[in-house]
Amino acid sequence: MAGPPQLPVTPSNPIAGFWLRALALLIDSLILGAAGFVLGLIFFDYFCSIGSWGRLYGFVITLLYLGLMNSSLRNGQTFGKQIVKIQVTNRNGDLLSPEKSVLRAAILCIPYFLNGLPVTQESTWLSAVLVMIILGAGGAIIYLYIFNRSTRQSLHDLILGTYVTKAPPQKIPEAKPLWKGHKIALACWAILLVGLMFAGNKLAHSEWFEGLLELQEEIMTHEDVGYASVVENTSHFYGSGGQSITRSLVIGAYLNKDVSDKEQVATEIATIILPHEKSIDKDLINIQIIRAFDIGIASSRIAMRYNYSPENWKNKVSGGLLPEIIE
């Protein structure tokens with residue numbers, strides 16, 4: 001198969017290269033991250049209470065930053081693009097209207113900010129749509145960023161006919177359509193995702209996975225828990241005495257409000273876990289009481305870990321004492 005078409009390598013070629021765009025993106029990410037960090041300090045409790053929905057705030061902030069600054073309102077340049085001297089234009093070298101620039105930013109940002117939003121297992125069709133947007137469109141954006149060397153247009157640029165060029169803006173030389181090899185690669189990626197979704201759906205209905213989901217749902221009935229994660233771990237240790245195996249059940253309990261007695265919450269969660277069949281053959285039950293937020297552009301996590309054997313947990317639940325907690 002012939003390679004992708006290339007624009008002539010001449011001093012007049014205005015297309016911005018991969019490394020210039022990557023550097024601009026890094027600078028902009030640092031700016032957005034700093035803004036998100038400050039917001040996280042101010043609204044920590046609120047962001048913790050809404051969990052993954054906080055990513056919607058990060059999406060709006062990023063959309064306004066990229067959408068408005070990459071438009072004609074600011075010469076098609078974010079701060080990052082201004083530093084590396086590149087900008088967003090159409091093929092004629094004209095700057096974008098704010099409306100078109102915001103739409104371009106939305107196509108770029110949606111796959112990233114949708115990742116992590118809570119979706120119930122019953123919403124099979126919604127999960128499939130999210131997978132295609134997050135992994136399908138998101139994968140296409142990354143692939144084209146790296147491998148579309150002809151025009152350096154990624155998915156959002158191809159849809160809207162925009163370019164990232166060196167400043168000042170110039171008219172783009174005539175370029176051939178997207179290389180056939182790229183289209184085949186993206187089609188193969190879409191087919192692979194469909195196959196993975198079928199496999200994932202089958203796994204979700206397996207006895208092993210349904211047991212974890214059942215336990216997760218039971219933990220989330222606790223009034224202080226906004227979200228919970230459940231993972232089974234098997235650790236192998238090798239020493240002079242040979243190999244030892246430790247089987248653990250790891251619970252992440254994300255609090256929806258600040259609780260002064262986190263050990264009490266862990267003990268109450270233990271009362272939910274211990275009768276469950278998933279805890280029967282475990283050597284350790286690790287309950288993590290977590291206060292965290294994630295707004296996409298910044299995140300923070302504070303965790304207290306209570307890691308004991310099922311027998312120690314039973315003693316605690318029945319009024320006994322536990323060893324000193326592990327922080």
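Bear in mind that the values here come from a model prediction, so they are computed numbers and not experimental data. We count residues from 1, following the sequence as given.
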Which pairs of donor and acceptor atoms, one on a side chain in residues 129-137, lie under 3.5 Å apart (sequence neighbours left out)?
none

For this session: Ignoring hydrogens and angles, tell me if any N or O in the side chain of R247 forms a donor-acceptor pair with the backbone of D281 under 3.5 Å.
Result: yes

For this session: Taking side-chain hydrogen bond (donor to acceptor under 3.5 Å, both in side chains) as the test, write out the residues that go with E218, two or more places apart.
Result: none

Problem set entry | For K100, all residues meeting salt bridge (charged side-chain N to carboxylate O under 4.0 Å, His left out), sequence neighbours excluded | none

Seminar exercise, completed: Going by chain and number, the hydrophobic cluster around I280 (ILVMFWY, side chain to side chain under 4.5 Å) further includes none

Seminar exercise, completed: Across all chains, not counting sequence neighbours, the salt bridge (charged side-chain N to carboxylate O under 4.0 Å, His left out) partners of K257 are D224

Which side-chain N or O atoms in residues 27-45 pair as donor and acceptor under 3.5 Å with protein atoms at least two apart or in another chain?
{"residue": "D28", "atom": "OD1", "partner": "Y65", "partner atom": "OH", "Å": "2.7"}
{"residue": "D28", "atom": "OD1", "partner": "T78", "partner atom": "OG1", "Å": "3.2"}
{"residue": "D28", "atom": "OD1", "partner": "G80", "partner atom": "N", "Å": "2.8"}
{"residue": "D28", "atom": "OD2", "partner": "T78", "partner atom": "OG1", "Å": "2.6"}
{"residue": "S29", "atom": "OG", "partner": "L25", "partner atom": "O", "Å": "2.8"}
{"residue": "D45", "atom": "OD1", "partner": "R291", "partner atom": "NH2", "Å": "2.6"}

Exercise. Taking only residues two or more places apart in sequence, or in another chain, which ones meet N75 in a side-chain hydrogen bond (donor to acceptor under 3.5 Å, both in side chains)?
Worked result: Q77

Exercise. For L63, what residues pass the side chain to side chain contact (heavy atoms under 4.5 Å, CB included) criterion, not counting sequence neighbours?
Worked result: F59, V102, A105, A106

Seminar exercise, completed: By side chain to side chain contact (heavy atoms under 4.5 Å, CB included), A292 pairs with (sequence neighbours left out) Y254, I290, R301

Seminar exercise, completed: Taken in chain and number order and not counting sequence neighbours, the residues that satisfy side chain to side chain contact (heavy atoms under 4.5 Å, CB included) with K85 are none

Exercise. Who pairs with Y145 by side-chain hydrogen bond (donor to acceptor under 3.5 Å, both in side chains), at least two apart in sequence or on another chain?
Worked result: R21

Problem set entry | Residues forming a side chain to side chain contact (heavy atoms under 4.5 Å, CB included) with P98, sequence neighbours excluded | L68, S71, S72, L73

